[in-house]
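Throughout, residue positions are numbered sequentially from 1 according to the sequence presented.
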Amino acid sequence: QVQLVESGGGLVQPGGSLRLSCAASGSFFSIVVMGWYRQVPGKQRDLVAAITSGGSTNYADSVKGRFTISRDNAKNTVYLQMNSLKPEDTAVYYCSNNIRSTFSSPTRTYWGQGTQVTVSL
């Protein structure tokens, strides 16, 4: 059973910073891709940033230059450093891991429970 536990959300003023963390636990072979998505009520869940096991990264255009994704493979943890936050960054942020349970198995996507980020005065 794989579990993803997120932390680090909260309320911050415009221009401020937050750091999200997501730790994976359980029994598995490897985490191929780790990512962060966000969702606001009534809209679809959108990719914010992703990072492969080799360290390649991908960002949504709206967060490039402000957000940084990183991972600690020894801790099975992915981070999202969010700087220069704007009110439009307000959303529920979900971490997502593409996990291979054994060497030869296909990957499966797991989701965290979500953490609220609110950017407001």
Side-chain angles (χ1 to χ4, degrees):
Q1 185 80 9
V2 175
Q3 201 170 21
L4 304 184
V5 178
E6 302 169 9
S7 60
L11 172 65
V12 64
Q13 293 186 352
S17 297
L18 281 175
R19 188 192 195 207
L20 306 182
S21 300
C22 174
S25 63
S27 178
F28 49 85
F29 176 73
S30 67
I31 305 176
V32 179
V33 180
M34 307 176 95
W36 290 94
Y37 289 72
R38 65 187 181 188
Q39 187 172 27
V40 298
K43 294 194 175 182
Q44 68 180 19
R45 191 173 296 184
D46 292 325
L47 175 68
V48 176
I51 184 167
T52 68
S53 57
S56 297
T57 58
N58 182 40
Y59 294 92
D61 288 342
S62 59
V63 306
K64 284 181 181 176
R66 300 189 298 121
F67 291 10
T68 302
I69 190 169
S70 61
R71 62 189 284 172
D72 184 333
N73 291 327
K75 296 181 179 179
N76 294 322
T77 299
V78 61
Y79 305 95
L80 186 67
Q81 178 66 44
M82 304 185 293
N83 298 327
S84 302
L85 282 160
K86 304 175 181 180
E88 51 264 43
D89 294 318
T90 296
V92 178
Y93 284 70
Y94 297 89
C95 73
S96 169
N97 284 189
N98 296 113
I99 292 177
R100 201 182 301 278
S101 58
T102 68
F103 175 77
S104 58
S105 64
T107 59
R108 176 182 169 183
T109 300
Y110 294 85
W111 293 92
Q113 79 281 6
T115 185
Q116 177 71 45
V117 171
T118 302
V119 185
S120 178
L121 292 172

Can you measure from OH (Tyr110) to OG (Ser96) and round to the nearest 0.5 angstrom? 11.5 Å

Honestly curious: do Trp36 and Val5 fall in one hydrophobic cluster under the side-chain, below-4.5 Å linking rule? no

Restricting to non-hydrogen atoms, name the atom on Val2 and the atom on Ser27 that form the minimum distance, rounded to 0.1 Å. CG2-O, 4.3 Å

Tell me the closest heavy-atom pair linking Gln39 and Lys43, and the distance in Å. NE2-O, 3.0 Å

Ile31 side chain near Val78 side chain, heavy-atom distance below 4.5 Å: no

For Ile69 and Gly35, which heavy atoms make the closest approach, and how far apart are they? CD1-CA, 4.2 Å

Is there a chain of hydrophobic side chains (I, L, V, M, F, W, Y, each step under 4.5 Å between heavy atoms) that links Tyr59 to Met34? yes

Are the side chain of Arg19 and the backbone N or O of Gln81 linked by a donor-acceptor pair below 3.5 Å? no

Would a distance-only check, ignoring hydrogens and angles, find a side-chain to backbone donor-acceptor pair under 3.5 Å from Arg71 to Thr52? yes

Among Leu20, Val63, Asp89, side-chain contact (heavy atoms from CB on, under 4.5 Å) partner for Val48: Val63

Taking the six-membered ring for Trp and the full ring for Phe, Tyr or His, determine whether the centres of Tyr94 and Tyr37 are under 6.0 Å apart. no

Look up atom CZ in Arg100 and atom OG1 in Thr107, then write down how far apart they are to the nearest 0.5 Å. 6.0 Å

Check: Cys22 main-chain N/O paired with Glu6 side-chain donor or acceptor under 3.5 Å: no

Tightest non-hydrogen contact, residues Leu4 and Ala24, listed as CD2-CB, 3.4 Å

Just so I know, are the side chains of Thr115 and Ser7 near enough to count as touching, which here means a heavy-atom distance under 4.5 Å? no

Heavy-atom check, side chain of Leu11 versus side chain of Ser120, under 4.5 Å: yes

Does CD belonging to Glu88 count more than 12 external heavy atoms closer than 6.0 Å? yes

If you take all heavy atoms of Arg38 and Ala91, which pair is closest and at what distance? CB-CB, 3.8 Å

Do the non-hydrogen side-chain atoms of Asp72 and Tyr79 ever get within less than 4.5 Å of each other? yes

For Phe67 and Tyr93, take the angle between the two ring planes, folded into 0 to 90°, and tell me which bin it lands in: parallel under 30, tilted 30 to 60, perpendicular over 60. tilted

Would you find a donor on one side and an acceptor on the other, under 3.5 Å apart, between the side chain of Thr118 and the backbone of Thr90? no

Taking all atoms of both residues into account, what is the closest heavy-atom pair of Met82 and Val117, and its distance? CE-CG2, 3.9 Å

How long is the span from the NZ atom in Lys75 to the CG atom in Asn73, to the nearest 0.5 Å? 12.0 Å

If the threshold is 4.0 Å, N to carboxylate O, is there a salt bridge linking Lys64 and Asp61? yes

Gln116 atom CD: more than 12 heavy-atom contacts under 6.0 Å: yes

Measure the CZ-CG distance between Phe28 and Asn97 for me, rounded to the nearest 0.5 Å. 7.5 Å

